[in-house]
Engineer: 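Starting off with a structure, shown below.
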Amino acid sequence: MSDLEEAKNFVYNILLTDKTTENQIELYDEIADTYDQKCVETLYYFPEILSRELETFNLPRDSKILDVGAGTGLLGKLLHASKYTNVDALDGCATMLEHARKLTGVYKNYTQALVVADKELPIPAKTYDIALMSGSASPAHIDVTAYKQIIRVVKPGGIIGWILEDADTCVEVNSRFQDDFYMKTLQKFVDEKLWVAVDGYNPKTIANALLNRPGDVFFYKVL
């Protein structure tokens, strides 16, 4: 098996497939020390793409940002390089978050918590101007029904942005994306007047996001 085939097997047959949250956290515990290298091997450019698309909004550099599923801090480092000065890290895996804690000047605060539909995050409502998910919105990660918990901690007028695998890939590897459940749930939150899609980002498809396949970028404005 070639290196690229091994990378595809890891992403499509292990990382993104249906599993319990507990099993996913266990997986990240196992790969935390080699995670950044795995991102290189899988041609993973989610953080670069999402940070670049965020720049189109021309937001103040002191905007309060929550990096949801911060992991080892790949997105945080890019935000820091872009002079964002007020970024917090949230992740459900303590082992991954320990790597983020070692970064100098990237994050101000760290929260270890799972983003799940039936439990509020240990963060006050309307805290952040921006929430971002780079990889944590992918299949077998934060379920779309739990996005409401992220909406709760973002201020009205603030934005939530994320990137995930293209729709065909998501449907193929994970049952939660079948029968248009994902997009229907996003629309449900629109119908509930929780947020509105940002023009051009529902989604915007970007080439070569992961394993030479495109990724879909979403941005929504919280109401």
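For the single chain, residues carry numbers from 1 onward in sequence order. Just so it is clear, the structure is predicted and the values come from calculations on it, not from any experiment.
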Engineer: Determine whether a donor-acceptor pair (N or O, by modelled atom type, separation under 3.5 Å) exists between the side chain of R152 and the backbone of I123.
Structural biologist: yes
Engineer: Hey, does the side chain of H99 reach the backbone of L97 with a donor-acceptor pair shorter than 3.5 angstrom?
Structural biologist: no
Engineer: Quick check: closest heavy atoms across I151 and L194, and the distance to 0.1 Å?
Structural biologist: CG2-O, 4.0 Å
Engineer: Pick from F189, F218, W162: which one makes a ring-ring contact (aromatic ring centres under 6.0 Å, His included) with Y147?
Structural biologist: W162
Engineer: Relative to each other, are the rings of Y182 and F177 parallel, tilted or perpendicular (30° and 60° limits)?
Structural biologist: parallel
Engineer: Between R213 and D166 (salt bridge meaning N to carboxylate O under 4.0 Å), is one present in this structure?
Structural biologist: yes
Engineer: Whether the side chain of T169 engages the backbone of E165 through a donor-acceptor N/O pair (distance < 3.5 Å, no angle test) should be reported.
Structural biologist: no
Engineer: Taking atom types as modelled and ignoring hydrogens, do the side chains of E53 and Y201 form a donor-acceptor contact shorter than 3.5 angstrom?
Structural biologist: yes
Engineer: Could you please spell out the steps behind the side chain to side chain donor-acceptor pair (under 3.5 Å) verdict for Y220 and N202?
Structural biologist: CA-CA 8 Å; Y220 277 72; N202 192 35; 2.6 Å; yes
Engineer: Begin with the C-alpha distance, continue with both residues' side-chain angles, and end with the deciding distance and a verdict on side-chain contact (heavy atoms from CB on, under 4.5 Å) for L121 and V115.
Structural biologist: CA-CA 7 Å; L121 290 167; V115 183; 3.9 Å; yes
Engineer: Is L79 close to L132 at the side-chain level, that is, under 4.5 Å between some pair of heavy atoms?
Structural biologist: yes
Engineer: For a 4.5 angstrom cut-off between non-hydrogen side-chain atoms, does T95 reach Y28?
Structural biologist: no
Engineer: Can E98 and R101 be counted as an ion pair, charged N to O under 4.0 angstrom?
Structural biologist: yes
Engineer: Does S175 offer a backbone N or O that forms a donor-acceptor pair with the side chain of D18 under 3.5 Å?
Structural biologist: yes
Engineer: Scan K221, K155, K64 and name whichever one has a salt bridge (Lys or Arg N to Asp or Glu O under 4.0 Å) with D129.
Structural biologist: K155
Engineer: Looking at D191, I'd like to know if its CG atom is crowded, meaning that more than 12 non-hydrogen atoms belonging to other residues, nucleotides or ligands lie closer than 6.0 Å.
Structural biologist: yes
Engineer: Check whether any side-chain N or O of K19 sits under 3.5 Å from a backbone N or O of L15 as a donor-acceptor pair, and report yes or no.
Structural biologist: yes
Engineer: State plainly whether the residues E55 and R61 are in salt-bridge range, i.e. N to O under 4.0 Å.
Structural biologist: yes
Engineer: Please confirm whether the backbone N or O of L59 pairs with a side-chain atom of S63, one donor and one acceptor, at under 3.5 Å?
Structural biologist: no
Engineer: Keeping H80 on the side-chain end and G105 on the backbone end, is there a donor-acceptor pair under 3.5 Å?
Structural biologist: yes
Engineer: Under 4.0 Å between a Lys/Arg side-chain N and an Asp/Glu carboxylate O for K188 and E192?
Structural biologist: yes
Engineer: Do K38 and F10 form a cation-pi contact, if we require the NZ or CZ to be under 6.0 Å from the six-membered ring centre and within 45 degrees of the ring's axis?
Structural biologist: yes
Engineer: I'd like to know if D143 and R176 make a salt bridge, using a cut-off of under 4.0 Å between side-chain N and carboxylate O.
Structural biologist: yes
Engineer: For D199, does the CG atom have more than 12 heavy-atom neighbours from other residues, nucleotides or ligands under 6.0 Å away?
Structural biologist: no
Engineer: Could you tell me whether the side chain of D91 and the main chain of G71 form a donor-acceptor pair under 3.5 Å?
Structural biologist: yes
Engineer: Between the main-chain N or O of F219 and the side-chain N or O of W195, is there a donor-acceptor pair closer than 3.5 Å?
Structural biologist: no
Engineer: Return yes when atom CD of Q112 has more than 12 non-hydrogen atoms of other residues, nucleotides or ligands closer than 6.0 Å, and no otherwise.
Structural biologist: yes
Engineer: Just by distance, do the side chain of E41 and the backbone of A7 share a donor-acceptor pair under 3.5 Å?
Structural biologist: no
